[in-house]
*Asks:* 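Below is the structure I would like to discuss, written out as structure tokens.
Both ligands and their constituent atoms are indexed starting at 1 by order of listing.
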Amino acid sequence: MRLFAQLGWYFRREWRRYLGSVCLLIIIALLQLIPPKLVGVIVDGVNTRSITPRTIWLWLGVMALTALIVYFLRIVWRILLFGASYKLAVELRGRFYQLLSHQLPGFYLRHRTGDLMARATNDVDRVVFAAGEGVLTLVDSLVMGLSVLIVMSIEISWQLTLLSLLPMPVMALVVKYNGDELHRRFKTAQAAFSSLNNQTQESLTGIRMIKAFGLEDYQSDRFVRVAADAGAKNMRVARIDARFDPTIYLTVGCANLLAIGGGSWMVMNHLLTLGQLTSFIMYLGLMIWPMLALAWMFNIVERGSAAYSRIRQTLEEAPELEDGSLDLPMGRGVLEVAIKRFCYPQTPIPTLRDVQLTLPPGRVLGVCGPTGAGKSTLLALIQRNFDATDGEIRFHGLPLTSVALDHWHRRLAVVSQSPFLFSDTVANNIALGRPDASREQIERAANLACVHEDILRLPQGYETEVGERGVMLSGGQKQRLSIARALLLEAEILVLDDALSAVDGRTEHTILQNLRHWGEGRTLIITAHRLSALTSADEIVVLRRGTISQRGQHQDLLQQEGWYREMYRYQQLEAALTAEPEGPEAADA
Ligand code: ADP
């Protein structure tokens, strides 16, 4: 029942709809009391032969009219009540998505996609069901149950009512116990559903890998195990679920037994007429639904409450970074990196130490170093996905921690190692950050990123659908498409995180030249494994074990003994041995 308090904010806001449907439910409950009363009157009339056929027809007509009115009112309350609950679904999903889109990478390290999807779909459905059906059953069972009880006690006999109510407290206890157990089991079942979702999502995303490794059977077995676990947990819920209705029917059966036993005794002792006993039994029949509804409500609300607590758990998760409030001044500014120490959450060992960089506008910085040296981490800090444990990064002299995050992100364009393409057209993928860009602007960006010719060769050119995650395109085409996407943003700082790795040397050279020309006055940060991408940088830093081990221009570094010279010579040799093939197809390495 906690759920109703938790959703109080929504009920208060949508009070008109809820009040409207509650009023209709009350009217329906009252109207439903009419037929049993009339049946009692007809039975007594027929029994004592004091009723005319005309009166019987009249009462039958009244009963039919009542049924018709109830029919229409039931349609209206459904529209009111369920309309309100579907609005809640839209709102909860909207909030959930907004929260997800504002979370930083740390959040996605803790949560898996399948689990988040389960919360946004399955759990929201449960809450919505509770806010619709749950409210209905609560109001209906209370209004209907209480009015039937009152009529039975006043109109017929309070003693007989009391007698037939004897089994109710036992039923209440059993329902309550089962409700608590259902809450626990349902939460476990939803968590199992999340795992199943994760498994499905990962299997489908990695399907090519699974096939390439011939792991179809192995993966199917794993899937079946997770599905069986979810099935078993849902079975545990179903076992508890199965106890609700029989408990109610048993209680109603006992109540009927007591009513017929006690009622017959009262009729024989002339304390009750036969018609009254008939009405009483019919009223008792009317009690079946409210009691079932009450048990059902416990069921729905416990499920809704378990689901809501899973959603809230995510919604209330505080972002690990505090957003700043300052606006960044317009225009180009100096980017200063002064990281003394950075450790990833839950790792005490620093990933970066003493990284000091000053990048005036227009500077091209190259970052290289062995795998795991901390290049991507440095870029993650510049993007403010994490904050330095000790030290800071400033732009325009303002520490990034004090600047509004989206202001900062608007100044950056990032091309990551593994670009993501949406299942949309090439043109829309390029225009992702600037949906209003003209075709000329899109083509210009594609030309700068040396992908225009490739796009023209696609079946529908810029209008070609690239398929999920860009399956239609090669690795190098995806990379160049995402460079075009970043260039279109015209941001002041362009970050290429090993974004040319799948492009051949000659195309890489052309793209870099284009960038230099395009990027006058813009800051460019490039990380690369292939050092040829960095040769024209104004400054190159070599990261080793999280700290800068060498820095300078290409020629300076070639003079020094160290990782850079060794790696450059090695890569030159390698390039000479694997000479590039000719032709446009060679654009992707
Ligand atoms: P590079 O880009 O130079 O290959 P990274 O910046 O990706 O290196 O990684 C630097 C180090 O930080 C590696 O040892 C890596 O294992 C570690 N690391 C990267 N991401 C995380 C993370 N999210 N949590 C903990 N450690 C991480």
Side-chain angles (χ1 to χ4, degrees), residues 100 102-113 115-116 198 202 317-321 335 337-357 359 364-393 400 405 412-420 475 479 482-483 486 493-503 508 524-534 537 539-552 557 562-568 570-571 589:
L100 294 186
H102 283 97
Q103 285 294 350
L104 293 158
F107 177 87
Y108 293 98
L109 291 177
R110 289 192 301 280
H111 296 280
R112 296 171 68 189
T113 316
D115 173 46
L116 293 173
N198 278 327
E202 280 185 8
E317 203 165 305
E320 61 260 49
L321 293 190
L335 178 69
V337 177
I339 301 165
K340 293 204 183 95
R341 210 165 74 89
F342 170 71
C343 305
Y344 273 106
Q346 285 114 28
T347 41
I349 308 155
T351 303
L352 289 180
R353 278 173 294 120
D354 297 317
V355 178
Q356 313 281 342
L357 299 163
L359 296 173
V364 178
L365 173 76
V367 184
C368 58
T371 312
K375 301 181 290 292
S376 301
T377 308
L378 173 62
L379 298 188
L381 262 68
I382 291 176
Q383 291 169 65
R384 220 188 147 213
N385 292 342
F386 301 94
D387 279 334
T389 319
D390 189 3
E392 61 184 11
I393 298 175
L400 292 188
L405 257 179
L412 282 176
V414 183
V415 187
S416 67
Q417 280 171 0
S418 35
F420 188 93
Q479 280 193 337
S482 31
I483 293 175
I493 302 172
L494 176 65
V495 179
L496 301 183
D497 186 4
D498 208 9
L500 294 164
S501 58
V503 177
E508 172 189 90
L524 184 59
I525 305 174
I526 309 175
T527 74
H529 277 106
R530 207 167 47 209
L531 301 182
S532 55
L534 309 181
E539 187 182 18
I540 301 170
V541 293
V542 180
L543 282 181
R544 295 198 72 181
R545 292 193 203 92
T547 195
I548 297 177
S549 68
Q550 285 178 285
R551 66 194 306 165
L557 293 176
W563 184 89
Y564 189 87
R565 187 164 76 177
E566 232 173 83
M567 190 48 73
Y568 187 74
Y570 174 78
Q571 288 181 356

*Asks:* Could you check whether R112 pairs with E202 (Lys NZ or Arg NE/NH1/NH2 to Asp/Glu carboxylate O, under 4.0 Å)?
*Replies:* yes
*Asks:* Assess, by modelled atom type and distance only, whether the side chains of E508 and S532 contain a donor and an acceptor separated by less than 3.5 Å.
*Replies:* yes
*Asks:* State, with a plain yes or no, whether a side-chain heavy atom of C343 is found less than 4.5 Å away from one of I349.
*Replies:* no
*Asks:* Would you say that more than 12 heavy atoms from the other residues, nucleotides or ligands in this model lie under 6.0 Å from the OH of Y570, or not?
*Replies:* no
*Asks:* Polar contacts were defined as any N/O atom of the residue lying under 3.5 Å from an N/O atom of the ligand; does this apply to K375 and ligand 1?
*Replies:* yes
*Asks:* Tell me: protein heavy atom nearest atom 17 (C) of ligand 1, and distance?
*Replies:* Y344 CE1, 4.0 Å
*Asks:* Counting from 1, what ligand 1 atoms have a heavy atom of T371 closer than 4.0 Å?
*Replies:* 4 (O)
*Asks:* Could you work out, for atom 7 (O) of ligand 1, the closest of G546, A373, S376 by heavy-atom distance?
*Replies:* S376
*Asks:* Given the protein's heavy atoms, is any one of them under 4.0 Å from atom 25 (C) of ligand 1?
*Replies:* yes
*Asks:* Check if G374 has a non-hydrogen atom at a distance under 4.0 Å from any atom of ligand 1.
*Replies:* yes
*Asks:* In terms of ring plane angle, is the pair Y344 and F386 parallel, tilted or perpendicular, where the classes change at 30° and 60°?
*Replies:* perpendicular
*Asks:* Write out the residue and atom name of the closest protein heavy atom to atom 11 (C) of ligand 1, then the distance separating them to 0.1 Å.
*Replies:* T351 CG2, 3.5 Å
*Asks:* Applying the side chain to side chain contact (heavy atoms under 4.5 Å, CB included) test to L357, which of V541, V367, I339 qualifies?
*Replies:* V541
*Asks:* Would you give the length of the straight line joining atom CZ of R530 to atom CE of M567, rounded to the nearest 0.5 angstrom?
*Replies:* 13.5 Å
*Asks:* I need the nearest protein heavy-atom contact for atom 23 (N) of ligand 1: residue, atom name and distance, please.
*Replies:* L109 CD1, 3.4 Å
*Asks:* For T377, counting its heavy atoms only, list the atoms of ligand 1 lying under 4.0 Å from any of them.
*Replies:* 5 (P), 6 (O), 9 (O), 10 (C)
*Asks:* What protein heavy atom sits nearest atom 4 (O) of ligand 1, and how far off is it?
*Replies:* G372 N, 2.7 Å
